[in-house]
Undergrad: 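Sharing a structure, written as structure tokens. Questions coming.
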Amino acid sequence: MFYEAAEESAKDFEYRNQSGMKCDYLTWTGLPHGSGVEIFNADSLLKAQGLTSDPYDHEHVGPALYNHKDTFKCEFIKAPNRFYFPDLRTTIDTPSDFLRSCQIVNLLQKKGPYTTEEIVHAASSDLVNYPLVLVPSVTKGHGTGHLHRCLSAASKNHYFVYIPKDKSLEETDSLVKQYKAEGLQDFQIIDFLPDETYRPVIVTDSFELTKSQIEAFKCNRALISVDEGSDFTSYCDYLLDIIPSYNLEREANLIESDFMEKPKNKREVAFNSDAPDKDSVKKVLVCLGGEDPSGLTLSASISAAKYFSKAKITAIISGEKTCDTAGLENLEIIKPVSNLKEQLFEYDLVITHYGLTAFEAMYAGCALILLPTTKLHKNLAQKYNFAYVADSKISEKSIEAAWQSKNIYPKFENNIIKEKNLGDFLKILSRGEHYNCPVCQKSPAVPDTVIARNISRTYRRCQTCGMLYMSFSSDGQSDYSKSYFFEDYKKQYGKTYQEDFDSIKAQGKRRLSIINLLFLGNLREKNSFDIGCAYGPFMQAASEHGLNTFGTDISEDAVKYVQQELKFPATVSQFPQIDIAEEFGISQFDLVTMWYVIEHFNNLDFVLKKVSEITKKGGIFAFSTPSGEGVSIKSDSKSFFKNSPADHFTIWEPSKAAKILKKYGFEVVKVVSTGHHPERFAKIKKSGAKPGSLLWRLTDFKSRKLKLGDTFEIYCRKK
């Protein structure tokens, strides 16, 4: 793949030998995995062959030279920037690698050879790096709608579709063939799930998940389910409901019927809202999906042909089913047709069951009668105001009763046609990641309880430690560059971080007065370490209290400011990946602080172990964080989770903090409730009371007394 790297490294090898720098072996490090290049001196290779009898050496060749550097001069050189992409994988060692390479070539859209830049661009794309596998139901009795929806999304967005070898839906192969004719490629249909080298997001459209499926999907990046009705929804990282459901107790992340593919062809003139005279009906379609698992098509077609005697009745039946249609010249039986939704507008009336065809016919402007294929389908038809056959036995009389109801033209959300692309939305979800509890770092056998779901995230409570945490997010990683402290900060607080420097520093002084008491008024010459120091307001406050202050932050711009403007020792690091002793010459500190930082770590176990390691015995660890027991979450939990920043992995609760911190050797000695907002209490909202009023002051007193602040501070001592 990287033929240009091979050419250039060969030139490098030749230059070194021609310049008198004897070289037996040369390789550039940092090339994509699978595109490595090794250059040997032929004489050295023959010599190495005679020096080893190890089968491994004879297979791989290179180790026979570079594992014997006393005999051979071997050079390992970092590849030039043009070729240095150690995180890319271009090998084909496994079936999963093959899928990745197919996507790369699919994106290149031409025959090779490919330039380095073309390969890197394709291999770095979201489609390659965030694979998505659609898993439709291909089980007999579940209908063909699930498979249709997945094949449609895959053909337009280049996703994979998993169809197992043991499929029982007879129409599977013909539907796949139909979509291949429309652009679906062979490599997109797979009968295995990619392994850990190419972990995809799994999107199921399977009617009902099974226990065996849950086991098969647990090692993937995330599990997303569409219109899921099983008992295993707690295992799902994300739930998307497209077809309106019936009395589901579980909460969905998103309910959006506009993701249904609506027909482009619509009836120009529809009947009035009430049922017209039956003799004005000219064409009737009877269709209960590609396989009609309940076997109602024939009886419904015969009953419809008798009742609508002047209309042409068309029944769609797959397989070889036949019936006695003697005396029913107006009844025609046909095989399933492709792209049925664009032909629905030709019919005055569509008789079907609750599902995609019903909604497509509704959007096409057809009259509708739904059949009771199951009790659930009957309940759904009733709930969403469709005309339906109430009797379990379909007859001419039951068709007549449904026709004369007032719901022949259903009024679902006023039938407003909106068009939202399911494939595009799945593209956003493909970036999603599943997270375990940041403290426990384990995937429990039984999933942790779901506390909240919203359009981009899911939150759970750990059954072991009790932590509230974000278990799924499709928001992507946050960027802590300069804009985080300026543009982003200003959007939230009305000023940049540096413009807010003095007020943040004032908060630091207040916190230090508490810390001073915990040290019995003896802060001078003690060493403090501020993790996530930003532009250093707390460090400056600590220095003014006599502390020797050190800091670290992920932002290069912030650390540069601390070093050059404030003159404090600070370093750029992704804490806890830092060697404290090497950076500062100090292995432990009297005071370690994190101000609104601790919630940003998705591996809190690693972080707290490191904090415990660098805090002296008897030292103080102090941090502030949003509260999961404040007025905002108590008054409107849905809005609280919706508005929680996308990079907050944990939501701490004052009542549970001590148990978690004890695990790391800390004893909580003080909790301070902060961030009091009387305006967020229901009474203030309802009355419109202004700041300074009696009700406002009483509410503020209540908030402080009951510790209902939306943020809090923890001060704990290392035991």
Undergrad: Decide yes or no for Thr593 and Ser528: does some side-chain heavy atom of the first lie under 4.5 Å from some side-chain heavy atom of the second?
TA: no

Undergrad: Could you tell me the separation between the CG atom of Leu51 and the CG atom of Asp57, rounded to the nearest 0.5 Å?
TA: 10.0 Å

Undergrad: Look at the rings of Tyr238 and Phe425 and say which category their plane angle falls in: under 30° parallel, 30 to 60° tilted, over 60° perpendicular.
TA: tilted

Undergrad: Going from OG on Ser474 to CZ on Arg431, what distance comes out if it is rounded to the nearest 0.5 angstrom?
TA: 9.5 Å

Undergrad: For Glu228 and Leu209, indicate whether the former's side chain and the latter's backbone hold a donor-acceptor pair under 3.5 Å.
TA: yes

Undergrad: Assess the residue pair Arg82 and Glu8 against the criterion (salt bridge (Lys or Arg N to Asp or Glu O under 4.0 Å)); give the C-alpha distance rounded to whole Å, side-chain angles, the decisive distance to 0.1 Å, and a yes or no.
TA: CA-CA 11 Å; Arg82 184 189 177 199; Glu8 293 300 317; 5.7 Å; no

Undergrad: Judged by atom type as modelled, is there a donor-acceptor pair below 3.5 Å linking the side chain of Asn253 to the main-chain atoms of Asn454?
TA: yes

Undergrad: Quick one: does Gln563's side chain have a donor or acceptor within less than 3.5 Å of a partner on Ala570's backbone?
TA: yes

Undergrad: Considering only NZ, NE, NH1 and NH2 on the basic side and carboxylate oxygens on the acidic side, decide whether Glu613 and Lys610 come within less than 4.0 Å.
TA: yes

Undergrad: So which heavy atom on Arg221 is nearest to which on Pro131, and how close?
TA: NH1-CD, 3.9 Å

Undergrad: Would you mind checking if Lys560 and Asp557 are paired as a salt bridge, meaning a charged N to carboxylate O distance below 4.0 Å?
TA: no

Undergrad: What residue pairs, at least two apart or across chains, pass ring pair (Phe, Tyr, Trp, His ring centres under 6.0 Å) with a residue in residues 77-104?
TA: Trp28-Phe83

Undergrad: If every non-hydrogen atom of Ala222 is compared with every non-hydrogen atom of Phe472, which pair is closest and at what distance?
TA: CB-CE1, 3.7 Å

Undergrad: Could you go through the salt bridge (Lys or Arg N to Asp or Glu O under 4.0 Å) check for Lys609 and Asp605 one step at a time?
TA: CA-CA 6 Å; Lys609 282 177 179 174; Asp605 179 57; 3.1 Å; yes

Undergrad: Any side-chain to backbone donor/acceptor pair from Asn602 onto Pro438? Under 3.5 Å, distance only.
TA: no

Undergrad: What pairs with Glu499 under salt bridge (Lys or Arg N to Asp or Glu O under 4.0 Å), at least two apart in sequence or on another chain?
TA: none

Undergrad: Quick one, Tyr66 with Phe76, criterion ring-ring contact (aromatic ring centres under 6.0 Å, His included). Give me CA distance, side-chain angles, the key distance, then yes/no.
TA: CA-CA 9 Å; Tyr66 59 69; Phe76 290 78; 5.5 Å; yes

Undergrad: Filter on salt bridge (charged side-chain N to carboxylate O under 4.0 Å, His left out), then keep only pairs touching residues 570-587, sequence neighbours left out; what's left?
TA: none

Undergrad: How many angstroms lie between atom CE of Met594 and atom CD1 of Ile531, to the nearest 0.5 angstrom?
TA: 3.5 Å

Undergrad: Within the 3.5 Å criterion, strictly below it, is a donor on Thr458 or Ser471 matched to an acceptor on the partner's side chain?
TA: no

Undergrad: Strictly below 4.0 Å, N to O, side chains only: are Lys427 and Asp126 in salt-bridge contact?
TA: no

Undergrad: So, using salt bridge (Lys or Arg N to Asp or Glu O under 4.0 Å) as the criterion, who are the partners of Asp173 when residues are at least two apart?
TA: Lys167

Undergrad: List the steps and the verdict of side chain to side chain contact (heavy atoms under 4.5 Å, CB included) for Leu429 and Val203.
TA: CA-CA 9 Å; Leu429 294 184; Val203 179; over 6 Å; no

Undergrad: Take Glu599 and Thr650, measure what side chain to side chain contact (heavy atoms under 4.5 Å, CB included) needs, and give me the verdict at the end.
TA: CA-CA 5 Å; Glu599 63 275 5; Thr650 51; 3.9 Å; yes

Undergrad: What distance do Arg149 atom CZ and Leu422 atom CG have between them, rounded to the nearest 0.5 Å?
TA: 7.0 Å

Undergrad: Is any side-chain heavy atom of Cys465 closer than 4.5 Å to a side-chain heavy atom of Cys437?
TA: yes

Undergrad: Using a 3.5 Å distance criterion without hydrogens, assess whether the side chain of Thr52 forms a donor-acceptor pair with backbone atoms of Asp54.
TA: yes

Undergrad: Counting heavy atoms not belonging to His121, are there more than 12 under 6.0 Å from its NE2?
TA: no

Undergrad: Under a plain distance cut-off of 3.5 Å, with no hydrogens placed, do Gln213 and Thr204 share a side-chain donor-acceptor pair?
TA: no

Undergrad: With side chain to side chain contact (heavy atoms under 4.5 Å, CB included) as the criterion, how do Asn41 and Phe72 come out once you've worked through the C-alpha distance, each side chain's angles and the decisive distance to 0.1 Å?
TA: CA-CA 10 Å; Asn41 179 293; Phe72 302 104; over 6 Å; no

Undergrad: Please tell me if the side chains of Tyr235 and Phe217 come closer than 4.5 Å, counting only heavy atoms from C-beta onward.
TA: no

Undergrad: Do the side chain of Ser612 and the main chain of Tyr664 share a donor and acceptor less than 3.5 angstrom apart?
TA: yes

Undergrad: Side-chain contact test, heavy atoms from C-beta onward, threshold under 4.5 Å: evaluate it for Phe606 versus Phe601 and give yes or no.
TA: no

Undergrad: Distance only, no hydrogens: is a donor on one side chain within 3.5 Å (strictly under) of an acceptor on the other, for Thr571 and Ser573?
TA: no

Undergrad: Does a salt bridge link Lys47 with Asp43, judged by any charged N lying under 4.0 Å from a carboxylate O?
TA: no

Undergrad: Between Ser155 (side chain only) and Ser152 (backbone N and O only), is there a donor and an acceptor less than 3.5 Å apart?
TA: yes

Undergrad: Over 60° means perpendicular and under 30° means parallel, so classify the ring planes of Phe40 and Tyr25, tilted if in between.
TA: tilted

Undergrad: A side-chain contact here means heavy atoms from C-beta on lying under 4.5 Å apart; do Arg100 and Val128 qualify?
TA: yes

Undergrad: Rounded to the nearest 0.5 Å, how far does CD1 of Ile119 lie from CG of Leu88?
TA: 10.0 Å

Undergrad: Are any of the side-chain heavy atoms of Asn157 and Leu426 separated by less than 4.5 Å?
TA: no

Undergrad: So Phe259 and Asp424, side chain to side chain contact (heavy atoms under 4.5 Å, CB included) or not? Walk me through it.
TA: CA-CA 10 Å; Phe259 283 131; Asp424 288 346; over 6 Å; no

Undergrad: Quick one: are Tyr535 and Ile504 in side-chain contact, heavy atoms under 4.5 Å?
TA: no

Undergrad: Could you note down all residue pairs passing side chain to side chain donor-acceptor pair (under 3.5 Å) where residues 194-203 supplies at least one of them, sequence neighbours left out?
TA: Ser96-Asp195, Asp195-Thr197

Undergrad: Has Glu4 got a side-chain atom pairing as donor or acceptor with Thr116's backbone, closer than 3.5 angstrom?
TA: yes

Undergrad: Between Trp652 and Leu604, is there a side-chain heavy-atom distance shorter than 4.5 Å?
TA: yes

Undergrad: Among pairs that include at least one residue of residues 179-193, which meet side chain to side chain donor-acceptor pair (under 3.5 Å), considering only residues two or more places apart or in two chains?
TA: Asn106-Gln185, His148-Tyr179, Lys180-Asp186

Undergrad: Within the distance-only criterion (no hydrogens, no angle test), does the side chain of Ser206 pair as donor or acceptor with the backbone N or O of Pro136 below 3.5 angstrom?
TA: no

Undergrad: Just checking, any donor-acceptor pair under 3.5 angstrom between side chains of Asp475 and Ser456?
TA: yes

Undergrad: Kindly say whether Ala5 contributes a backbone atom to a donor-acceptor pair with the side chain of Ser9 at under 3.5 angstrom?
TA: yes

Undergrad: Can you tell me how far CD1 of Ile586 sits from NZ of Lys616, rounded to the nearest 0.5 angstrom?
TA: 8.0 Å

